[in-house]
Every structure is written in structure tokens, then in C-alpha cells.
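Take a look at the structure below.
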Amino acid sequence: MSNKTLIVIGNGMVGHHFLEQFVASPAASGYDILVFGEEKQRAYDRVHLSEYFTGSTHSDLAMGTADWYSEHGIQLRLHEQVTALNPDQRSVTTPKGDYGYDELVLATGSFPFVPPIEGREHPHCFVYRTLEDLDAIRHSAQKGKSGVVVGGGLLGLEAANALKSLGLQAHVVEFAPRLMPVQLDTDGGALLRHKIEELGVQVHTEKATTSIVEGENARIRMNFSDDSHLETDLIVFSAGIRPQDTLARASGLSVGERGGIVVNDQCTTSDPHIHAIGECALWNQKIFGLVAPGYTMARTLAAILNGDRDAAFTGADMSTKLKLLGVDVGSIGDAHGQTPGARNIRFNDEQAGHYRRMVVSEDGKTLLGAILVGDNSHYDSLLQYALNGITLPHNPETLILPENQGGAPALGPDALPETASICSCHNVTKGDICCAIDAGCVDLPSVKAETKASTGCGGCTSLLKNLVDNELEKRGVAVNKDLCEHFPYSRQELFHLVKVNGIRTFRTLISQHGKGQGCDICKPAVGSILATCWNEHILATDHVPLQDTNDTFMANMQKNGTYSIVPRIPGGEITPDKLIVLGEVAKEYDLYTKITGGQRVDLFGATLSELPEIWEKLIAAGFETGHAYGKSLRTVKSCVGNTWCRYGVQDSVGMAIVLENRYKGLRAPHKVKMAVSGCTRECAEAQSKDFGVIATENGWNLYVCGNGGMRPRHADLFATDLSDEALIRTIDRVVMFYVRTADRLQRTSVWMENLEGGLDYLKQVVLEDSLSICAELEEHMNSIADTYQCEWKTAVEDPEKRKRFREFVNLPEQKDPVQQWTTERGQRRPVLESV
Amino acid sequence: MKTRTFWNTICTVDDLVPESGIAVWTEEGPVAVFYLPHRLPALVAISHKDPFSGANVLARGITGDLGGEPIVASPLYKQHFNLKTGVCLEDESVRVKTYSVLLDGNRILLETRETQQEAVAA
Ligand SMILES: Cc1cc2nc3c(=O)[nH]c(=O)nc-3n(C[C@H](O)[C@H](O)[C@H](O)COP(=O)(O)OP(=O)(O)OC[C@H]3O[C@@H](n4cnc5c(N)ncnc54)[C@H](O)[C@@H]3O)c2cc1C
Ligand code: SF4
Ligand code: SF4
Ligand code: FES
């Protein structure tokens, strides 16, 4: 029996979600699936469209890969618009031909409404819906100074923010007397307007545009019905959306009076083989302009096509929580209090810029709706009251009063019923989350991966985190931050104890704040903390037993018990004379020689007792320890920079040497790598380092918290066009903040990922000094740089320290018999007797 | 079969490093001697050879205690060995040899055994 054919028209968010649901269901094996998309790109996350202006690419926003489509046997025909439906023949027409179907799904979304204003075809007039629209806007903005958004609704304000981010003076022109007329009331709208104007966006309300003509001082002039006008270089229309029902209309399917393809609870149209989901569908006289209801329709339809007779779409919650131009806005349920008998409770703090309104039922027991402007911290609780019909407390106003004025604390996750919807995008309830945790999820990422909660619009993120933390805690999996059995503290807490109490030895610390003798977890961690705080020699008697063997013997132990030696070569710059010394020493001790990834030379195979002799020779030639053994700065890699390279704009080698000499020796929770590139061609691969510096025409761009290795992470751009001094000051602060707050063995990349508030928070701390600690961080770094000593120099000069390097203390001449050697490619390498 | 034990002077107190180990060469091979001034006994010794890597490195491990028992962590693959029994905490079927050590004045004495096959009447 040959397969039936399922055609989906529209490869947008809802169409894609439908495919995901459908291919995972049993019915999928009975269908060949064919998808038509009018846009050039595969489905992408339109909700986060604006991020396209702040660095995201199509592949960042894409919802599933090309491989995913082919793996599931889906034929995806992009850039092919369906031009007609032929329900009688059960086929669809495109410019390329006719295609037959057994079942047809319309997921054509909506299109932006452009009011019929004379002159609206001007080449610098745009809409804000697709990646192509954004490309066009970006292009037009390049030579413009100002831009106007027509429409002060949710999308309009988002577009205004986008114009601002493109460097334009942004205006919003709204026909209604206030912003966001659908979601907000007069007071809320007024507060929002005030806040947005403070951010430099000019708001013009009660303006009806009558015509668009060529401008005098800018490209375009907009004339208004009150005879005023406004000149601008580009216009973005955001005056609402209309369901894309053209095909349905032309083929005789039922459509609504004001547009929309009529569907029943099963998402089926007036033709039993044609279904419609998402923004193009009209259910119960309602269009849903949000992604979550579209996803619910997609799930319903997938169930219907699998023969589930009970599946039904029963409407959806249209509450929204947004940050518009950085201003919190929330609107829940019956925000305007249209339910008969509804009562209003308002809280308005003009000083703080917070407005909250609750709409409660006549008996005061249930929450019908709410409006929030300026502060969304009450949103999650209020939404749960409204969605789940939870009985309001006796004095419902406490829910929106600030806590210090008798306000009730937020509704804790415990108060929610099992059926409470946590994530409406993916229809995940509290019960689902609890099941996932019971089935073995032990943290937020695994819960997200398992349930998909919080992977849609992201509005439920903070609620989900609270719930997961709370449930984990109840099950006793509260993440134990204790360092080990000897210290009931995290590394950060221990750092604090050491610093504040001036503790200088492990013994004092463990006797005052821990128990037992310590172990290989806490000893090196404390050793590193002590080294950072007081910068004493790591071979001081008190510190020796704290160190890992690599730190103790200041070399890297290899598999047969011998060591490798890595002298410092700052910035990878080395004179021929020094290079010759390395060669001579290597030859004398028969050391296997290899160039490292960090632009240095690694000499392998030295025995414990040879280490001090070898270092004597290296030090005499001017070498210093490279700290390749320590949790500390490794290398600062550099490209050759503008002294030689024809593209270079700064002296990257010079800067690398300065940085390497400043941070060498600093003890950190884990190793730290840096790199400096002389121009954006990035030959030093700085963006894969903990600290990456890239030269610009005006100075240096600093990237932080990148990583190569096992879990690569692209570094985040932290600051731009820094002078030499500002660069060093900024790195001082970030590195010291990392050293003080990271967990043991936490690289900067993981530290950043776990830092509450992330990159923005780090910027506040370091660039705006929000914790008032920058002076202290700099001073600390200065004192470490000032007290730097080459550990090897100190060690070889001190006979007591040298004693440590005897292979066998009772027989200095005895060679270790297990260290056997063979020759390969002209060099010595170990053979280890089998164990 | 008869076992004779010998107490050999292996080093002096000055060679020890508190809370850490040193290696000595004996007839039986390399031995790691640890000095734990905050415990009793303060001197313990085990084979210097790490059974997992075959390398002579145990004296260079970090010492401490786990669950109250004195331990050393192998510097190569980080397994822990009980310094009193020689048993590996991660794999109890693995055990390194333990030795008795004594402090005699300034000298450190290590006990080694020499097993002699007795003449068997043919
Ligand atoms: C800037 C912006 C911000 C938004 N923010 C939010 C938000 O914060 N929260 C929220 O819930 N929602 C938000 N939305 C709305 C959300 O993006 C939509 O609800 C969602 O994309 C609807 O999905 P859909 O699949 O129905 O339509 P769409 O994603 O529009 O997909 C429809 C697709 O069908 C294609 N198509 C149409 N006709 C044809 C044809 N004849 N042949 C072939 N292909 C065709 C279209 O080209 C389009 O690619 C936002 C929208 C925008 C533009
Ligand atoms: S990063 Fe730029 S300056 Fe450095 S080597 Fe490459 S091209 Fe030249
Ligand atoms: S990649 Fe693996 S094998 Fe190579 S040096 Fe690193 S740890 Fe050793
Ligand atoms: S509500 Fe949208 S992601 Fe959860």
C-alpha cells in the first residue's frame, strides 16, 4: 500500500512545531510529508526576531536543522509560494506545478497590516515580520538618522527598540491616546510612555497619518490629520496583523468577516481534509496572535490525525509578559475589567515608576486579570492565581503592594496545584515537571531538555527555575556546595574566610573552620586560595603538602613518573640565543622536545632529581618558570601584529608580553589562558581563550570567558576600543573577581555560565562598579604583580627546597628502574613495563 | 619457611616533610614514607609504586584523611590508598604493600623482611 500525502503550507513557528509533533507520532509512518515555505529560510524563531539586529544569525534562530528534515523524510520546498488550493482535486498549485494531498494543513500565519495611507509604497517604508524585512530595514538605516514606527502596540515598541539599536533616533506614532491600547489602561500606558521617553524614544499619540511624501530635511515627511508633520528617514508599519487567509478565501473555504480561516475545536476547516493552525486560524471568532496558542493547536491537530477523538483546542490564555525597551510590561487575562461586576485594585508608585492593577471577581475571591508596568516581579504569582483559579487571600491588595508595606510574598511553587500550567508554549504542568524530576532529572537543564519547558517564548523561565529548585530541595538533592568532607563551605566562602580573617596556613584554616586532616580536594584548593591571597612561595614548608605533585615539583608529571618542563616564553617571542639554550639543555638531558599549542616549548622526560639542575641552566639563560603545572596563567598567545603583518593595526606581541608578565604567577581556581590578535582576522584565536584581546583601529576589544578543550565556548565581547591602561584595568578586575568567586577547578567559561545575572551582571560589577569593589580588586592584583617571584629561581637558590627533589632520599645515585626508554623519530620516549 | 625481619636506617628526621611523603630505596624496591605529625602513628610507609600506572610516584601524592582513615592520593590517576592497610578506596581488590617504620632518636628505621626457603629434606 502506498503512503498517503500530507502537505503543510507555511514553514513558520507553528508549522514547524506541528511537524515536530507529527513525525514523533505513530501516524507519521503512513504519510509522505511535503512542506511549502514562501520564505527563503527554514522556520525560525520569530518571537526573537529582533535578536537578528543584535548579533543572532538565521542559524541561531532556526528551529531545527536541515538534517532534521531529511532524517524524518520531510520534503521541504522553501521559497515556493503556494498560489492556489484546489479542494475538489485535493491538490495545491505553486509556480512549479501541482501537488496532490490526502490531508492539507494551512499554517500560513499572518501578514502585517499597512493602513491605506497615500504614499505608503515609498521605498523606505517597511514592515517588521521576516528576516528579509529586517535586512531591508538594516540597509535603509545605514544612511539614515531617524526612523518612525507607526503603531504603539507590543510589536511597534519592539520595532522602535530595534531602530534605536541601529543607531537611529526612534519615534513611535500611535493613533490611540496611549501606548499598547490592547493590553494597558490609561495609567499603565502613561507610565510606559514616560519610561520610554526617558530612554530617548519620542512618542506621539493621537496622531493619524494622512499622507507620506518626500521630505525636505530627511527622506520622508509624514503629514498628520491635525496639520502637524514629522520628517524621518524610514518608516516601519506595525499597525497590527491580519491572518493570511488568501488561499482559503479564493478556494471557497469559510473565512471570518474580519479575516481568518474558520476552524472547529479539531482545527479542521469547512473542508474535512483541510486544517488550519496558528495565526491564520479563526477559532470561536478569535485570532490568536501569540505563539503558545498556535503550538497548542499544532499539538491538537497532530493528535487528531492520529485518530484521537477527544483531542480538542479549547482556547488559550493570552497573557503576556514582556520587556519593551527594557521596561517590564505584563498583561493578564481580563486586563480591562470587562467581566460584569469586576472590581479593580490599583497600586501606583510614580516615584519608583511601578504601576500594578488587579481585576478581581465581584466576590473578591478570584483574580480575573492584571496589568503591570515597570516591574514584572509579581507576574508569575498573579498569572498562577488567574489561570488556576486559586482563591485570593483575604486582602487581595497585599499581592501587589510592595513587601515592606504589608505585601504578601510571591506565591511559592508549593502553593500551586499539580495541574498548574508552568509553560504554556509547550503545555507543561507542575505535575509534568515533578514527574521529570522523579524520573531522574537533577537540574534545570535536564528538566528543560526532558519536558521542553521554557524553550519557547521564555516567559516562564524564572517560575520554572523556582519550581525546579524547590522540588529538588524537597527531595534532598539541594546542590551541596561543600568543598569536601573537611570543609562545609564552598570555595568562594573559604576565600572569604581566609581573606577576612587573615589566615595564612592550611592548619589554621582547618582547625578553625573545618575538621580532620584534609584531602586531595581541599588541600590544593586552599593552597591556591592562600597563594592568591598572600602570594607566598608554594614551596614554603607549610604549603608543600597542599600542592598537587605538579605544583610541589613545579613541573608536569607524565605517565612514567618523570616530568616535563615548560619555560615561559612571553607572547611566544624568543631570541635565537634562548632557543639555542633550550636545544642545548634538551640535548644534554636527552629530553623529548615538542612545541605546545600555546607557543612554547615543552621538554619531556626529566627525572625528579634533574629538575633543579635543568632549571639552574635555564635560569642562567634568562628563562623563568612557565607555570604549566599550576592552576594559573599559562600563556598569552599572540599573532605577529602590526610590526610585521600588513593587516595589523596594533602591536599584538607587545601587548601579549605586557599581559603575560603582569598575570604570570597569579594562582586561580583553574588555569587561565589569554591571547592577543593584531586585527580582526584573529590569527591568535583569542575568542577561544579565557581572556581574548583583539586589536581595533582605536585600541583593543576584550572578550572574556572563552574556552577551547573539552567543552569549547566562544568568548563574550566584554568591552570595546579600550586603551592599553583601560584594557589592563578591566582584565585586572575580571580576573580577580573570577579568582574570588569561582568554584574549585571552575574554568572562566563555566564560571560565567553559572554566574547569576551572567554577562550583564559581570559588566555591572566590573564596568560600573556596582559592588564598589573595583578599587580593591585592582589593588589586590597590583600587590600580586608586585610580589611576583620566579618560583624556580627561589627554589634552586635554597638548599632546603632543593632537598625535595631527591628521587630516593637515601640513595641519590639510584635510578628509578621502571623508567625505561626507546627511540622514536629521533627522540627518546618512555616504555613502561606492563603493570 | 622462615621470615627474618630487618630494621634498616633509611633516613633522618631532617629528610621528612610534615604532612607529606618521601621515597627511599630498599632491597625490596622503592618505599614511600609519610610523616603525619597530627596523627598517631605519625610515621607510615607503603610501597612507592602506584599499582595502576606502574610508576614509582606514591610518595609524591597528597595526604589527608577520608572517613577518619589516613590516605594518600596517587598523583597520576588520583586513586586513594589507605596508609594503614594499603587498600585502594576506589577498588578494594587492589592493595599496596605496607611497611612498619620507627623513629629511633634522629634516625628513621624501616622494617623489611627477608623470606628464606628452608632446606627441605629430599
Ligand atoms: C517581532 C515579533 C515579535 C513577537 N514576539 C512575540 C512574543 O513575545 N510572544 C509571542 O507569543 N508571540 C510573539 N510574536 C508572534 C509570533 O511570532 C507568532 O505568533 C508566530 O510566529 C505565529 O506562527 P505561525 O506559524 O502561525 O506564523 P508564521 O510564523 O508567520 O509562519 C507562517 C509562514 O507561512 C508562510 N506562508 C504564508 N503563506 C504562504 C503560502 N501561500 N505559501 C507558502 N508559505 C506561506 C509565511 O511566509 C511564513 O513563513 C512576535 C512576532 C513578531 C513579528
Ligand atoms: S590577526 Fe591580523 S595582525 Fe595578527 S597576524 Fe592575523 S592578520 Fe595579521
Ligand atoms: S589531549 Fe589528552 S592525550 Fe593530549 S595532552 Fe591533553 S590530556 Fe593528554
Ligand atoms: S511559556 Fe513560553 S517558553 Fe514556557
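Remember, it's a predicted structure, so these values are computed and weren't measured experimentally. Lettering follows sequence order; numbering is per chain, from 1.
In this structure, the portion of D816(A) lying under 4.5 Å from any heavy atom of chain B is its side chain and not its backbone. No part of E800(A) comes within reach of chain B, as not one of its non-hydrogen atoms sits under 4.5 angstrom from that chain.
Interatomic distance, K523(A) NZ to S20(B) OG, rounded to the nearest 0.5 Å: 8.0 Å. Residue L811(A) holds its CG atom at 11.5 Å from CD1 of I10(B), rounded to the nearest 0.5 Å. Here CG of L110(B) is found 9.5 Å from CG of N810(A). Values are rounded to the nearest 0.5 Å. Note that the CG atom of D520(A) and the NZ atom of K78(B) stand 7.5 Å from one another [nearest 0.5 Å]. In this structure, the separation between CD1 on I62(B) and SG on C519(A) is 8.5 Å, given to the nearest 0.5 Å.
More than 12 heavy atoms of other residues, nucleotides or ligands lie within 6.0 Å of CD in E824(A), so this atom counts as buried by the packing criterion.
Taking 4.5 Å as the limit, some side-chain heavy atom of D15(B) sits within range of a side-chain heavy atom of R806(A). Side-chain atoms of Q517(A) and L36(B), non-hydrogen and from C-beta on, never get closer than 4.5 Å to each other.
We find that D14(B) and K803(A) are not joined by a salt bridge, their nearest charged nitrogen and carboxylate oxygen being 4.0 Å or further apart.
With hydrogens and angles ignored, the 3.5 Å screen pairs no side-chain donor or acceptor of R804(A) with any backbone N or O of V17(B). The main-chain N or O of G64(B) is never found under 3.5 Å from a side-chain atom of H486(A) such that the two would form a donor-acceptor pair.
Residues passing the salt bridge (charged side-chain N to carboxylate O under 4.0 Å, His left out) test with R600(A), sequence neighbours excluded: none. Looking at residues two or more places apart in sequence or on another chain, you find a ring-ring contact (aromatic ring centres under 6.0 Å, His included) between F808(A) and W25(B).
For the set V33(B), T63(B), V72(B), the entry with the most heavy-atom pairs within less than 4.5 Å of chain A is T63(B).
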